[in-house]
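Chain letters run A, B, ... following the sequence lines, proteins first, then strands; residues in each count from 1.
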Amino acid sequence: MSIPYNPETVELSAQKYWEESRCFEVDEDPDKEKYYCLTMFPYPSGKLHMGHVRVFTLNDVIARYHRLQGKHVLQPMGWDAFGMPAENAAIERGIPPAKWTYSNIEDMRGQFKRLGYAYDWTREVTTCRPEYYRWEQWLFTRMFKKGLVYRKNSIVNWDPVDQTVLANEQVIDGRGWRSNALVERREIPQWFMKITDYADELLDELDRMPGWPDSVKTMQRNWIGRSEGVELSFDVAGEDEPLTVYTTRPDTLMGVTYMAVAAEHPLASKSAATNPDVAAFIEDCKKTDAQEATLETMEKKGMPLGISAIHPLTGEEVPLWVANFVLMSYGTGAVMAVPGHDARDWEFAKNHGLPIKQVIAPVDGSDIDINQEVFLERGVLINSGDYDGLDFDGAFNAIADHFEKSGRGSRKVNYRLRDWGVSRQRYWGTPIPIIYCDDCDAVPVPDDQLPVVLPEDVVVKGTGSPLKDMPEFVNAPCPNCGKDARRETDTFDTFVESSWYFARYACPDSDAAMLDDRAHYWTPVDQYTGGIEHAILHLLYSRFFQRVMRDEGLTDVSEPFTNLLTQGMVLKDGSKMSKSKGNTVDPQELIKKFGADTVRLFMMFAAPPEQSLEWSDDGVQGSFRFLKRFWSAVTDHTEKGPVVEMDTNKLNQTQKELRRKTHQTIAKISDDIGRRHSFNTAVAASMELLNAINKLGDDSDLGRAVARESLEAVVVMLSPMVPHICHALWQELGHASALIDQSWPVVDESALELDLVEMVVQVNGKLRARLSVAVDASNEAIEAEALADENVQRFIDGKAVRKVIVVPGRLVSIVV
RNA sequence: GCCGGGGUGGCGGAACUGGUAGACGCGCCGGAUUCAAAAUCCGGUUUCUUCGGAAGUGGGGGUUCGAUUCCCCCCCUCGGCACCA
């Protein structure tokens, strides 16, 4: 009787072997083809969850697969260690964020090791360590000198009770999560990075990134939102300054019946000084949070300012309104309204009794009623004086030319993308390396004073940053003039750390530069895996930072991630696992019960990687059962002693069939893992092959040789997913060298050859017969055989055959 | 509201380039083994059916000899929307 499968023994022994032989530690070997395989690094929450297990297993499978393909694989791991949860833990439990974070990292590292991931732990990166963040401080000061960063006012969520800035996540139904106070919008000065300087490059390069999913590229394109339009100015009655607006539809200019400005616009403030209703309206506009989804879905409100703008073409007066949906931070803070041809303007005009004027007619000449329904399509101009009869392009150019000639406007390319606000009014983050001096203004911290170290021994109270109360941190001499000055107490958005860590893994210990030569060897990342929720922000910021580093001479690489795989969430009972819903499953317990391989296998088998994965306890049982079957299939085989060399010419029909299945499966799994990243079907194919091996039941020398070849192939091909059991079974099969150093099996084309192929016959699209035909049969012969079939004849039933379509190797379609 | 996904048996999913819908697994049913149970093994399993077949991939329409796959409209659901990471 063979030894039963004991996951714990098998797994700890494999992990011990990998650790002792240090087989996942890699150097920069110019003679080898490198493969950099990376997962989005985790926030160290302290507890491994199923989402982690899923993404890290996916990436580990890809890394191990490429290693078996002979590549020199780097798979590092690190910690996105700054962020709000550490501050929250500090407030709730009085533990300093640093202490909490470091202890979480210790816990999680141990949990990851138990899952058997092939990481090079010598390259671990922890973003809250000064050795790490000093380099982003350094890069920020370079960007400062180049004018790539600047300071301006921008809106935050203000909690008037806790006297603190809230993250969007901390605003629940417009109220502060702790105080329950109504959140207000407040403007404060913040630092911005000029990502818009790179907008065109970030957009254009998307067309040359075949390794990224189309959906992600589309989302980024739409986010950047390049548009071509015209910026033009309207005079305002009684004002010196004209009102500038941007429009992508200058062809509708004659349809402007009103204009609207943001609540923060100077013209609104001016009107508010004399009009208490407007003042009240502006106050009301502040009582909302700063999220786009809130602004887009809230009731569109407005109020006339009692001021008129002068239409630049007709000279007519159009009323000026203040409206809650116009944002000061977008464009010029003012819009021209064309209710006939813009959905939002139409609805607003309907609600406030403003006139709606049709200036575009459908190209096909059909009649429309602009008071019943807005007309959004491009068409032919009407009611537009000299411009009547022009199409969109003609009108765009004529009107743009008119404004450019008169100097009252110009063609302009606009982006929806806004500059990246990196200031956070929080403690647990990278200090922004700026010193404010009364004489010299904002001065970057000089290189020899970097890093600006975040003090770790603090008490966090939840009402503003504790740094403000630490004179030893705040007080610093001005680097320029030496006068007493004050440090910036805001910290960076944590997206800053995650925008360059992937490059730092190449040289985590470099203390002379942000990146060194080793980064030339390893970057760009060949395969990046992470959650779809990062499709825009993290990935766009990283693409931006990579270019900033490139333009700083640190690298030649422009695109950080050659291939991208975005994985779906892990759900239970149809919704995201979360503590509040009480539907979490603890990976630790499962590993204890079934072992890491079972958990890994279920994760790979239960769903394709991009889709959400529905958790199932029964499914885990099934995976465990399969591994037990796999184990006994191999041990039962080896118990019967050694096998003889296989002479493929002497195989009988069933032996030949198993051998064909083996090589078909090698081809399928290679394609499933290597090209399609379709791990669930790769597992299914392994299961099918194992079922076929078990069915063979042929203890002859040749039978056992064929089974042996199949078993070895399955052991190697399943090893990326379930590396521990495969490590043990490889030894069981009598090999002296470790599985981790083997090569991926090769398809023997001659084993795939077939004499007969099954084809189906359809009559009027319905399946009526199956034929077994010779592979080299002519279409005519196949057609004749199909028509001769008894059941086919029954359905043709004397009717005239109108058409016969033969798809070689697949089907015959007969139309009567 | 805007942008991007997803919707197929009782369940997770497969069908890759328009060509056999339901691979593989779970669950369930039947059988073997067992004093019995667990475990294991074998077989069956979309629905309806007059047993000839018919219907069927969120709903409605279209293109095609043929549509889960392509096009149009709609519904539901998930992710993102710039301070969660």
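With P as the reference atom, B:G5 and B:G53 are 42 Å apart, rounded to whole Å. When the C1' atom is used for both B:G10 and B:C29, the distance is 13 Å, rounded to whole Å. Of the P atoms belonging to B:U68 and B:G61, the separation is 15 Å, rounded to the nearest Å. The C1' atoms of B:A21 and B:A55 are separated by 13 Å, rounded to the nearest whole Å. Taking atom C1' in both B:G25 and B:G79, one finds a spacing of 27 Å when rounded to whole Å. With P as the reference atom, B:G6 and B:U40 are 36 Å apart, rounded to whole Å. One P atom belongs to B:C78, the other to B:G13, and the distance between them is 15 Å to the nearest Å. Using atom C1' as the reference point in both B:G60 and B:A67, the two lie 16 Å apart (nearest Å).
Residue-level contact check: A:Pro608 touches the backbone only, with heavy atoms under 4.0 Å from sugar-phosphate atoms and none from bases. Base contact: A:Val165 has a heavy atom under 4.0 Å from a base atom. Base contact: A:Val156 has a heavy atom under 4.0 Å from a base atom. Counting any heavy atom pair closer than 4.0 Å across all strands shown, A:Phe605 reaches a base atom. Heavy atoms of A:Met298 sit nowhere under 4.0 angstrom from any nucleic acid atom. Here A:Ile814 lies out of heavy-atom contact (under 4.0 Å) with every strand. Contacts of A:His534 with the nucleic acid, taken as non-hydrogen atoms under 4.0 Å apart, include base atoms. If you check every strand for non-hydrogen atoms under 4.0 Å, A:Gly421 touches sugar and phosphate atoms only. Residue contacts for A:Arg768: at a heavy-atom cut-off of 4.0 Å it reaches the sugar-phosphate backbone alone, with no base atom in range. Backbone-only engagement by A:Lys766 is indicated by non-hydrogen atom pairs under 4.0 Å involving sugar-phosphate atoms exclusively. Within 4.0 Å of A:Val760, counting heavy atoms only, lies at least one base atom of the nucleic acid. Among the protein residues, A:Glu610 comes within range of no part of the nucleic acid, since none of its heavy atoms lies under 4.0 Å from any strand. Residue-level contact check: A:Ala606 touches the backbone only, with heavy atoms under 4.0 Å from sugar-phosphate atoms and none from bases. Across all strands, A:Ser616 comes closer than 4.0 Å to no nucleic acid atom at all (heavy-atom distances).
When all heavy atoms of A:Asp490 and A:Ser423 are compared, the closest pair comes out as OD2-CB, 3.7 Å. Closest non-hydrogen pair, A:Asp289 versus A:Gly174, comes out as OD2-CA, 3.9 Å. Nearest heavy-atom pair, A:Ala685 versus A:Ile669, reported as atom, atom and distance to 0.1 Å: CB-CG1, 4.0 Å. In this structure, A:Met721 and A:Ile673 approach most closely via the heavy-atom pair CE-CD1, 3.6 Å.
For B:G22, the O4'-C1' to base torsion is more than 90° from 0; the nucleotide is therefore anti. The glycosidic torsion of B:G52 lies within 90° of 0, which places this base in the syn conformation.
Taking the side chain of A:Asp671 as heavy atoms from C-beta on, and the options B:A82, B:C16, B:A23, the nearest nucleotide is B:C16. In this structure, of B:C65, B:G19, B:G13, it is B:C65 that holds the atom nearest to the side chain of A:Val815. Each of B:A82, B:C65, B:G53 was ranked by its minimum atom distance to the side chain of A:Arg794; first place goes to B:G53. For A:Arg676, whose side chain is taken as the heavy atoms from C-beta onward, the closest listed nucleotide among B:G12, B:G79, B:A15 is B:A15. Each of B:C3, B:G19, B:A82 was ranked by its minimum atom distance to the side chain of A:Tyr541; first place goes to B:A82. Of the candidate nucleotides B:A85, B:C24, B:G1, B:G1 has the atom lying nearest to any side-chain atom of A:Glu296. Comparing B:A14, B:C81, B:C65 against the side chain of A:Ser813 picks out B:C65 as the nearest. Of the candidates B:U40, B:C81, B:C84, the closest approach to any side-chain atom of A:Lys628 belongs to B:U40. Of the candidates B:G5, B:G19, B:G79, the closest approach to any side-chain atom of A:Ser215 belongs to B:G5. Checked against B:G79, B:G1, B:A85, the side chain of A:Glu292 finds its nearest nucleotide in B:G1.
Spacing between atom CD1 of A:Ile536 and atom P of B:A82 amounts to 10 Å, rounded to whole angstrom units. Separating the CD atom of A:Glu614 from the C1' atom of B:G12 is a distance of 8 Å, rounded to the nearest angstrom. Distance, A:Ile532 CD1 to B:G6 P: 10 Å, rounded to whole Å. Nucleotide B:G25 holds its P atom 6 Å from the CE atom of A:Met687, rounded to whole Å.
Each of A:Phe112, A:Tyr501, A:Tyr43, A:Phe41 was evaluated against A:Trp79; a single residue qualifies, A:Phe112, per the ring-ring contact (aromatic ring centres under 6.0 Å, His included) test.
For A:Tyr132 and A:Trp500, the side-chain atoms include at least one donor-acceptor pair closer than 3.5 Å. Between the side chains of A:Tyr150 and A:Asp419, at least one donor-acceptor pair of N or O atoms lies under 3.5 Å.
Contact of A:Arg675 with B:C16 (side chain to base): a donor-acceptor pair of N or O atoms is detected under 3.5 Å. No hydrogens or angles were tested; on distance alone, nothing pairs the side chain of A:Arg810 with the base of B:U20 as donor and acceptor under 3.5 Å.
Remark: side-chain polar atoms of A:Arg629 are not paired, donor with acceptor, to backbone N or O of A:Asn691 under 3.5 angstrom. The backbone N or O of A:Phe561 sits less than 3.5 Å from a side-chain atom of A:Trp212, completing a donor-acceptor pair. Of the possible donor and acceptor atoms, one in the side chain of A:Trp428 sits under 3.5 Å from a partner among the backbone N and O of A:Ala81. Counting only distance, with no hydrogens or angles, the side chain of A:Glu184 and the backbone of A:Asn157 share no donor-acceptor pair below 3.5 Å.
Residue A:Arg625 places at least one side-chain N or O under 4.0 Å from the OP1 or OP2 atom of B:G27. At the phosphate of B:C24, neither OP1 nor OP2 sits under 4.0 Å from any side-chain N or O atom of A:Asn680.
Between A:Arg424 and A:Glu497 no salt bridge is recorded (no basic side-chain N to carboxylate O distance below 4.0 Å).
Between A:Asn691 and A:Leu417, the residue whose closest nucleotide on RNA chain B is further toward the 5' end is A:Asn691. Toward the 5′ end of RNA chain B lies the nearest nucleotide of A:Ser623, the other residue of the pair A:Phe795 and A:Ser623 mapping further downstream.
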Please produce a list of atom pairs where a protein N or O lies less than 3.5 Å from an N or O of nucleotides 42-48 of chain B.
none

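Partners of A:Asp672 under the salt bridge (Lys or Arg N to Asp or Glu O under 4.0 Å) rule, at least two apart in sequence or in another chain, are A:Lys668, A:Arg676.
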Check your understanding: Hey, mind stepping through A:Thr491 and A:Thr430 against side-chain contact (heavy atoms from CB on, under 4.5 Å) and telling me if it holds?
Key -> CA-CA 5 Å; A:Thr491 53; A:Thr430 300; 5.6 Å; no
Review point. Dot-bracket for RNA chain B: what is it, with Watson-Crick or G-U pairs under 3.5 Å, [ ] where a pair crosses earlier ones, and | for a pair to another strand?
Key: (((((((..(((......[....)))((((((.......))))))(((....)))..(((((..]....))))))))))))....
